[in-house]
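Worksheet: one structure, shown below.
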2 protein chains.
Amino acid sequence: MSGRIDTKTKILDAAEKLFAERGFSETSLRLITSKAEVNLASVNYHFGSKKELIRAVLARYLDQFMPAAADEITAIRQQKPNASLTEIFSALVAPLLALERIRAGGTRTFLQLLGRGYIESQGHLRWFITSHYGEHLNLFVTAVQQSVPNIPKADIFWRLHFTLGTVVFTMGSADALMDIAAADFGERNNIETVIRKVIPYIASGVAV
Amino acid sequence: MSGRIDTKTKILDAAEKLFAERGFSETSLRLITSKAEVNLASVNYHFGSKKELIRAVLARYLDQFMPAAADEITAIRQQKPNASLTEIFSALVAPLLALERIRAGGTRTFLQLLGRGYIESQGHLRWFITSHYGEHLNLFVTAVQQSVPNIPKADIFWRLHFTLGTVVFTMGSADALMDIAAADFGERNNIETVIRKVIPYIASGVAV
DNA sequence: AATTAATTTAAACGTATGTTTAAAATTTGA
DNA sequence: TCAAATTTTAAACATACGTTTAAATTAATT
């Protein structure tokens, strides 16, 4: 039993790193299993298929992030019923950075996986996310709507998707961007400083 | 000779549609050539490799868009030296929509290809774009900097990349988003209305 | 019209992929 | 301890991919 969990975890650990770096379809099971130092067939044995492995990789992050984010949102709404948009978005920072404590680079890995899930796989991961975590998402959307009550719900829908694009695209190319920023402007960034940069941008855009 | 051009164009037309819809690595040469109704080997004959085909597909759009965008930016700066950020961004709308006249759906196709180029291919398309169209990009960045002279250049760098993410991610999932907006809010959008929605969002975020 | 060059074609090549199989090894439970 | 269930392993399978080859066809040139 400890052997089984160990193999599953080794696969998940190797897979999430490679998926985030290279994308789902550019990452072969042979590359994953060689990095994880397990047998090729163990992926199909433990997860059934590559598609289900992808979902398992994402679920491990979402299962931690979504409840934590929902808790933060709920807490903010109770403490400050008139919380600003920036405060709502900032409430997500702690749950995002908490992913870093599980695994070094976990925050960026999660956001990269999320972005690849939305872009690369034609809808089936989108469906997986909205069907499994719809309650948490609704909680967040409601909090945003309450913080900017004068904005039509349709506009909020669009702007939150703009925001999703901003975040996942930025995280997907965060390595390259941090390198350029260091070379051209002498900035030394990490994932948290980038998140701190993006919050005013998206808060301003959603509230415009 | 007319036969050669015809085959090349048929390949490019089929490839750009499939690349935009499904991504580069998810689109096989066999699928492209069957849709284009040409022989499989003609891709390698005319373009050398799949990688060069991808670049050719992107170049066809960039060669039209980049000079047109540069002209619009130059014109705006001459007419209104103190043009606002919204005016700068809006100057790109006409060149973007002009792509629509070449091919139906050309605007969205272009932005989707751009996004996939940045995300999917590890840097080699990014390099292709910045090295071939660096002058045009610099012109645009300079215009943005002049319109918000009080913002540090490093911040503008980050926010313009946030903006790129917003736009390409939105366009990559524009079909799904327009469907949802229609179902949930009764909105009937097209590519232009979505662009008009995104401009205040990004202008506000960059200027914040 | 004859020769040369350019293009198209069908077939094969070599490699890589996700998955399955069946035997070996290991762990579990009575 | 020993039989049963679980897990690991090596090998093979079937398929798909980008690319190359060489012959057939078409177009261009003289």
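If you're wondering where the values come from, they're calculated on a predicted model, not measured in any experiment. In what follows, every chain begins at residue 1, and chains take the letters A, B, ... in the order their sequences are listed.
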TODO: Name all residues meeting the side chain to side chain donor-acceptor pair (under 3.5 Å) criterion together with Ser173(B); count only those two or more places apart in sequence or in a different chain, and write none if there are none.
DONE: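 With neighbours one apart ignored, the set is empty.
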
Using only side-chain N and O atoms of [X], determine if any of them is under 4.0 Å from OP1 or OP2 of [N].
{"X": "His46(A)", "N": "dT6(D)", "answer": "no"}
{"X": "Ser42(A)", "N": "dT7(D)", "answer": "no"}
{"X": "Asn39(A)", "N": "dA10(D)", "answer": "yes"}

Roughly, in whole Å, what's the span from [atom1] in [X] to [atom2] in [N]?
{"X": "Leu18(A)", "N": "dT17(C)", "atom1": "CG", "atom2": "P", "value": "12 Å"}
{"X": "Phe24(B)", "N": "dG18(D)", "atom1": "CZ", "atom2": "C1'", "value": "17 Å"}
{"X": "Glu37(A)", "N": "dT7(D)", "atom1": "CD", "atom2": "C1'", "value": "18 Å"}
{"X": "Leu53(A)", "N": "dT17(C)", "atom1": "CG", "atom2": "P", "value": "15 Å"}

One thing to verify: whether [Y] and [X] come together as a salt bridge, which I'm taking to mean a side-chain N less than 4.0 angstrom from a carboxylate O.
{"X": "Glu37(A)", "Y": "Lys10(A)", "result": "no"}
{"X": "Glu187(B)", "Y": "Lys197(B)", "result": "yes"}
{"X": "Arg103(A)", "Y": "Asp13(A)", "result": "yes"}
{"X": "Asp184(A)", "Y": "Lys153(B)", "result": "no"}

TODO: Please determine, for the side chain of Asn44(A), which listed nucleotide (dT7(D), dT7(C), dT20(C)) has the closest atom?
DONE: dT20(C)

Open item on the list: Using the side-chain heavy atoms of Tyr45(A), tell me which of these nucleotides is nearest: dT7(D), dA10(D), dT21(D).
Closed with: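 The answer is dT7(D), which lies nearest to the side chain.
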
Atom pairs, N/O to N/O, protein against nucleotides 12-17 of chain D, distance under 3.5 Å?
| residue | atom | partner | partner atom | Å |
| --- | --- | --- | --- | --- |
| dC17(D) | OP1 | Ser28(B) | OG | 3.4 |

Task: Single hit among Arg22(A), Arg55(A), Arg60(A) for salt bridge (Lys or Arg N to Asp or Glu O under 4.0 Å) with Glu16(A) - done: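 The passing option is Arg60(A).
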
